[in-house]
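Chain identifiers are assigned alphabetically (A, B, ...) following the order of the sequence lines, protein sequences preceding nucleic acid strands; residue numbering begins at 1 within each chain.
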Amino acid sequence: MSRLQVVSGKGGTGKTTVAAALALALATEGKRALLVEVEGRQGIAQLFETEALPYEERKVAVAPGGGEVYALAIDVELALLDYLQMFYRLGGAGRALRKIGAIDFATTIAPGVRDVLLTGKVCEAVRRKDKQGRFAYDYVVMDAPPTGRITRFLNVNDEVAGLAKIGPIHNQAQAVMRVLKSPETAVHLVTLLEEMPVQETVDGMAELKAAGLPAGRVLVNMVRPAVLDAPVPTDVRRQDIAKALSRAGLGGARKGGRAEQLVEPLLAQAADYEERVALERRQRAELAELGLPVHELELLAEGIDLAGLFRLAAELRKQGL
Amino acid sequence: MSLTPAVPLDVDPLLDDPETRIMVCCGAGGVGKTTTAAALGLRAAERGRKVVVLTIDPARRLAQSMGIDSLDNTPRRVKDVDGPGELHAMMLDMKRTFDEIVEAHADAERSRAILENPFYQSLSAGFAGTQEYMAMEKLGQLRSREEWDLIVVDTPPSRSALDFLDAPKNLGSFLDGKFIRVLMAPAKVGGRAGMKFLNVGMSMMTGTLGKLLGGQFLRDVQTFVAAMDTMFGGFRTRADATYQLLQAPGTAFLVVAAPERDALREAAYFVERLAAEKMPLAGLVLNRVHGSGAAQLSAERALAAAENLDERRIVDQDAGKVGVQNSPETPSGSPEPEPAHSVDGTNSADGTDGTDTVDAHAQHLTTGLLRLHAERMQLLAREQRTRDRFTALHPEVAVTEVAALPGDVHDLAGLRDIGDRLAAGGTRPTGAA
């Protein structure tokens, strides 16, 4: 199991939820996992029902079996100031830099600097060791930018090492890439069983591979349970269903009876359902062609709360993740 | 069935109004923003307007659904549009758009110097902000050409809804800002009286940046900035102009969401932000709303009925037959007499008597149908709750609901269907589909 787990996915697929569940799943038997947010949305705080996370590693949950999950929301400006402080002991000059717009420039406008800082911070956490020489975190899980931007985001060195040909930023970019392109890292994509997210997942995995980044697993989220165990026969007799409904105590089966009136709407819903199931089958087949491990997570109909998160984590563990 | 009926959003008058010149679709990722923009564009065109849809999402399927292989930076006419109007579609190419601005505002030699500058190349190829900025720039261009009755835009899939409104200002303030002047000519700034202290700070800073980013990079930036010098004012002016254009009465913002907690939370946030920026909000498009033709049957009753049927089936199977006597607990609230079940228990499982017995397969199928219905009704209730929460927070926001489709949109007919649903969803009582 790679120590850096990058979780991306199309918007709306629940990648933050899956990343959080993965961190919980990895924090088994006394292990420590760090869950990192890079897009400043405070999604992790919402999931773990805590107040907004500061730029500081903080324990957010204890996993079953005693493992711990820490979380960090990276603030790019602070990361840059930290970084400058570390290398240049800038002191008050940091504030001057901010005043003049240099920090803004570096973190929002300068190509790639933002991404170098974010991935740099994550890789630092991956490599960090305590005094005894043990890794500070057994696993680091990154809630990464969406699929459309993930390869570019991770592949910062092309951009930055090329632009800044010497200097610490250059070195930093190189060091980050060594971690990201090694087997220490796995990039997972979260998808739904719908056409557009699956298409993006297929494209995204191809892009990752082309960039030499380690494509990990496909995590299918919000999978709806099967309700009908067989397709509705095309020659089904309306009258038979009306009778069964009536028998279940839902009114009369005769034409115009209350049970009879339910037949058409119920069959229409079944047709919708079957269309969806057929579509999902096609999406599963497309994902299978990627030749990567595929995991499915059930839809938690009532929305995600802390209990739901632990359920998803248990599910991931059961599937050997 | 809605407890708090929202103000209906009537889409057609908005599309037909010649005063409506720009429609902006915004919202969280994955809620169907781009499809909504395309469907609105098609509907407006088929109602007689000359429309261009500017999309930011490079979804091939959307292009294909409009019969275009791939969209690019030039509006392409969509064929097979019914009615007197025209539909054109384009996809933002931010690098191309940026290049065009450079070419339009600098002489040949200078623009070549800019276009070849490595800093410019990565700036224009896209990182935080450029896409949003160029979307605004393109919108400004399209609008000023006066070629279109209506421009429909979908917003970039940003980190958050705020980026779209902030990015132009960010880039504008950078390009106009102190920092760029420092990069260009540190000595000039420092030379002014009373700026000595700043001067020390500046040279230290450029020195630091040089160390941090590498001298070559800084030189690239400086060359770029020097070459772009005369254009900066223009960026700022145009960013401001586009911003004002968005605030003008001819613009209509549509917040797109799905009836899910996160999407609606972001929608609420966006509504507040638009109000703060004095941007004209037309309403909320609620996509993928579910309905049921059998809403009179609640989830609880459907599940109870399914269980009831299952139990009977097991009993029947144990007894080796189907269609045995009425159990005494069968509710008798029905005005019609229950279908005659055989009382003597002599009918065999294959139901030789057809009319008396309930076919075992049909019975099994019916339990499935009932469970499916219960699931649907639970979904409806959840959607209603999240919607009600939004409406309670923002009762003033007009809403149109778009009934969920089982599959994705693949062609113009599909977009037309969505357009019909968009138009119908605001006029009908809410909650139905």
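Within the 4.5 angstrom heavy-atom criterion, only side-chain atoms of A/Leu228, from C-beta onward, approach chain B. Using a 4.5 Å cut-off between heavy atoms, A/Leu279 touches chain B through its side chain atoms alone. When heavy atoms are compared at a cutoff of 4.5 Å, A/Ala270 approaches chain B by way of both its backbone and its side chain.
The greatest number of non-hydrogen atom pairs below 4.5 Å with chain A, out of B/Glu260, B/His373, B/Arg371, B/Glu375, is found for B/His373. Between chain B and the options A/Asp229, A/Thr13, A/Val236, the largest number of non-hydrogen pairs under 4.5 Å is found for A/Asp229. Top candidate by heavy-atom pairs under 4.5 Å with chain B, chosen from A/Glu264, A/Arg276, A/Glu194, A/Gln269, is A/Gln269.
In this structure, B/Glu383 has no salt bridge (Lys or Arg N to Asp or Glu O under 4.0 Å) partners at least two apart in sequence or on a different chain. With sequence neighbours excluded, no residue forms a salt bridge (Lys or Arg N to Asp or Glu O under 4.0 Å) with A/Glu275.
Side-chain atoms of B/His361 and A/Asp240 include no donor-acceptor pair closer than 3.5 Å. A donor-acceptor contact under 3.5 angstrom links the side chains of B/Arg265 and A/Gln46, judged on distance only.
Using a 4.5 Å heavy-atom threshold, the side chains of A/Leu266 and B/Leu372 count as separate.
The CD1 atom of A/Ile304 lies 9.5 Å from the CG atom of B/Asp262; values are rounded to the nearest 0.5 Å.
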